[in-house]
Amino acid sequence: MIAIDANVLVRLVTRDDDVQAKRAAALFECERIYIGKTVLLETEWVLRFSYELSGPVILNVLKNAVGLPQVTVEDSPAVAEALDLFESGMDFADALHLVSGREAVQFATFDKRLKKLADTAAPSHPVVLA
């Protein structure tokens, strides 16, 4: 198994560098791939800010990547839940932070929008305003 950096996943998706895109595709074809949560977090950020892709397009990219049979994802239950929350309108980073803190009894934030969305979409993860 080989762990990848966000830039490998970004090249695979955007194909904005032909040489690197082919090398990224070859990794996915020949290797079992491990994707860490931070790689997904960085990939979402890069696709949103650098490539200006929309939330639904990014959601599709991430779901497709983590759903590949040769891919293992760090903390896959949390990632799956975060992707569901992202789909329901929550920021992906906020969703991943929220569900990754499941050992805690509450999640504190200054973000009123996050609290409102979490209260509706993720009531099993109590959010409090700090």
*Can a salt bridge be assigned to the pair Glu44 and Arg48 using a cut-off of 4.0 Å between side-chain N and carboxylate O?*
yes
*Are any of the side-chain nitrogens in Lys116 or Asp111 under 4.0 Å away from the carboxylate oxygens of its partner?*
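Between Asp111 and Lys116 there is no salt bridge, as every charged N stays at least 4.0 Å from the carboxylate O atoms.
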Exercise: identify the closest heavy-atom pair between [X] and [Y]:
X      : Y      : answer
Ala6   : Thr43  : CB-OG1, 3.5 Å
Leu117 : Gly89  : CD1-O, 3.7 Å
Ala118 : Val127 : CB-CG2, 3.5 Å
Ala82  : Ala95  : O-CB, 3.6 Å
Ile35  : Ile33  : CG1-CG2, 3.9 Å

Which distance, rounded to the nearest 0.5 Å, do you find between the [atom1] of [X] and the [atom2] of [Y]?
X      : Y      : atom1 : atom2 : result
His97  : Lys37  : NE2   : NZ    : 10.0 Å
Lys115 : Thr109 : NZ    : OG1   : 10.5 Å
Leu85  : His125 : CG    : NE2   : 7.0 Å
Leu98  : Gln106 : CG    : CD    : 11.5 Å
Thr14  : Leu9   : OG1   : CG    : 9.5 Å
Thr120 : Met90  : OG1   : CE    : 8.5 Å

Within the structure provided, determine whether [X] and [Y] are in side-chain contact (heavy-atom separation under 4.5 Å).
X     : Y     : answer
Leu62 : Val66 : no
Glu87 : Lys63 : yes
Asp94 : Phe86 : no
Pro56 : Leu59 : no

[X]-[Y] co-clustered via ILVMFWY side chain contacts under 4.5 Å:
X     : Y     : value
Phe28 : Met1  : no
Leu40 : Tyr34 : no
Phe49 : Leu47 : yes

*How far apart are the C-alpha atoms of Ile58 and Phe92, what are their side-chain angles, what is the distance that settles it, and do they pass the side-chain contact (heavy atoms from CB on, under 4.5 Å) test?*
CA-CA 10 Å; Ile58 296 169; Phe92 180 65; over 6 Å; no
*Using the salt bridge (charged side-chain N to carboxylate O under 4.0 Å, His left out) rule, pick out the option among Asp16, Asp18, Asp17 that qualifies with Arg11.*
Asp16
*asked:* Run the side-chain contact (heavy atoms from CB on, under 4.5 Å) test on Asp5 and Glu42 for me, step by step, so that the C-alpha distance in whole Å, both residues' side-chain angles and the decisive distance to 0.1 Å come before the verdict.
replied: CA-CA 9 Å; Asp5 189 5; Glu42 184 179 359; 4.1 Å; yes
*Could you give me the CA-CA distance, side-chain angles and deciding distance for Arg32 and Thr72, then say whether side-chain contact (heavy atoms from CB on, under 4.5 Å) is met?*
CA-CA 8 Å; Arg32 291 194 27 82; Thr72 298; 3.2 Å; yes
